[in-house]
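A short worksheet on the structure shown next.
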Amino acid sequence: MRPITKQITGVGSSSPITFDTFRIPFNVGYGCSVLGTATYTVQHTFDDYNAIDFVWADARWFDNTLLTGVSTAEDGNYAFPITAMRITITSGSGTVSVTAIQA
């Protein structure tokens, strides 16, 4: 899979990056960069976005416990299956970008 990048400027959430949960092994690496001033959190969901009645606005998002309320460039990984991830800016007017790649 090739890298996918999403970004958000100002308070709010990026559009999600979706993953193939059937890929074995499931490994996702990601890196976040900050331009300007922003505090952000990396979030993930286990909701099935392929379900017929699925709506992103109804997804249950969980904060990544290692990347909550950060304001600097950070990286990390998911070694367990998640269906999607996003970044949410909680304060500031800067831009945060996340690039993810699945093995």
Side-chain angles (χ1 to χ4, degrees):
M1 177 179 243
R2 60 175 226 224
I4 298 172
T5 301
K6 301 288 181 165
Q7 72 178 27
I8 182 80
T9 301
V11 174
S13 298
S14 70
S15 59
I17 298 174
T18 58
F19 300 106
D20 178 358
T21 58
F22 295 103
R23 192 174 291 240
I24 300 174
F26 181 94
N27 295 316
V28 170
Y30 61 87
C32 302
S33 61
V34 180
L35 181 62
T37 303
T39 301
Y40 68 95
T41 297
V42 173
Q43 298 179 309
H44 58 272
T45 186
F46 301 101
D47 291 351
D48 182 5
Y49 60 86
N50 289 313
I52 292 172
D53 59 349
F54 181 78
V55 178
W56 278 114
D58 297 335
R60 170 76 171 121
W61 293 97
F62 297 91
D63 293 348
N64 180 311
T65 55
L66 299 176
L67 292 176
T68 299
V70 295
S71 58
T72 58
E74 302 287 342
D75 66 354
N77 65 74
Y78 285 104
F80 56 89
I82 60 172
T83 56
M85 70 177 291
R86 70 181 185 182
I87 47 175
T88 296
I89 294 179
T90 54
S91 66
S93 58
T95 298
V96 180
S97 297
V98 61
T99 299
I101 187 167
Q102 185 173 11

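FYI, side chains are in, hydrogens and waters are out, and symmetry mates aren't considered; it's all heavy atoms of this structure. Because the structure is predicted, anything quoted here is derived from the model rather than measured.
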Aromatic ring pairing Y49/F54, orientation class (parallel under 30°, perpendicular over 60°, tilted between): perpendicular
Over all atoms of both residues, closest heavy-atom pair of A100 and V28: CB-CG1, 4.2 Å
Donor-acceptor under 3.5 Å (S14 side chain, I8 main chain): no
Same cluster (ILVMFWY, side-chain, under 4.5 Å), F80 and M85: yes
Geometric class of the Y78/H44 ring pair [parallel <30°, tilted 30-60°, perpendicular >60°]: perpendicular
Heavy-atom closest pair, residues T88 and S13: OG1-OG, 2.7 Å
Heavy-atom check, side chain of I87 versus side chain of C32, under 4.5 Å: yes
Side-chain (D63) to main-chain (T65) donor-acceptor, under 3.5 angstrom: no
Closest non-hydrogen atom pair, T45 against R60: OG1-O, 2.8 Å
Flag, side chain of Y40 to backbone of S91, donor-acceptor distance under 3.5 Å: no
In one Ile/Leu/Val/Met/Phe/Trp/Tyr side-chain cluster, 4.5 Å: I89, L35: no
Heavy-atom pair with the smallest gap, counting every atom of V96 and A38: CG2-CB, 3.9 Å
Pairwise side-chain contact, F26 with I82, heavy-atom cut-off 4.5 Å (strictly under): yes
Nearest-0.5 Å distance that lies between atom CG in D48 and atom CG in D53: 9.5 Å
R86 and K6, any side-chain heavy atoms less than 4.5 Å apart: no
Shared hydrophobic cluster for V42 and F46 (ILVMFWY, side-chain gaps under 4.5 Å): yes
Donor-acceptor contact below 3.5 Å, side chain T90 vs main chain T39: yes
In one Ile/Leu/Val/Met/Phe/Trp/Tyr side-chain cluster, 4.5 Å: V11, V70: no
Rounded distance (nearest 0.5 Å) linking atom CG of D20 with atom OG1 of T18: 9.0 Å
Passing option when Y30 is tested against T5, N77, N64 for side chain to side chain donor-acceptor pair (under 3.5 Å): N64
Non-hydrogen side-chain atoms of I101 and R2 separated by less than 4.5 Å: no
Shortest non-hydrogen separation from I4 to I17 and the atoms involved: O-CD1, 3.7 Å
Exercise: identify the closest heavy-atom pair between W61 and P16: CH2-CB, 3.9 Å
Q7 and T95 side chains, donor-acceptor separation under 3.5 Å: no
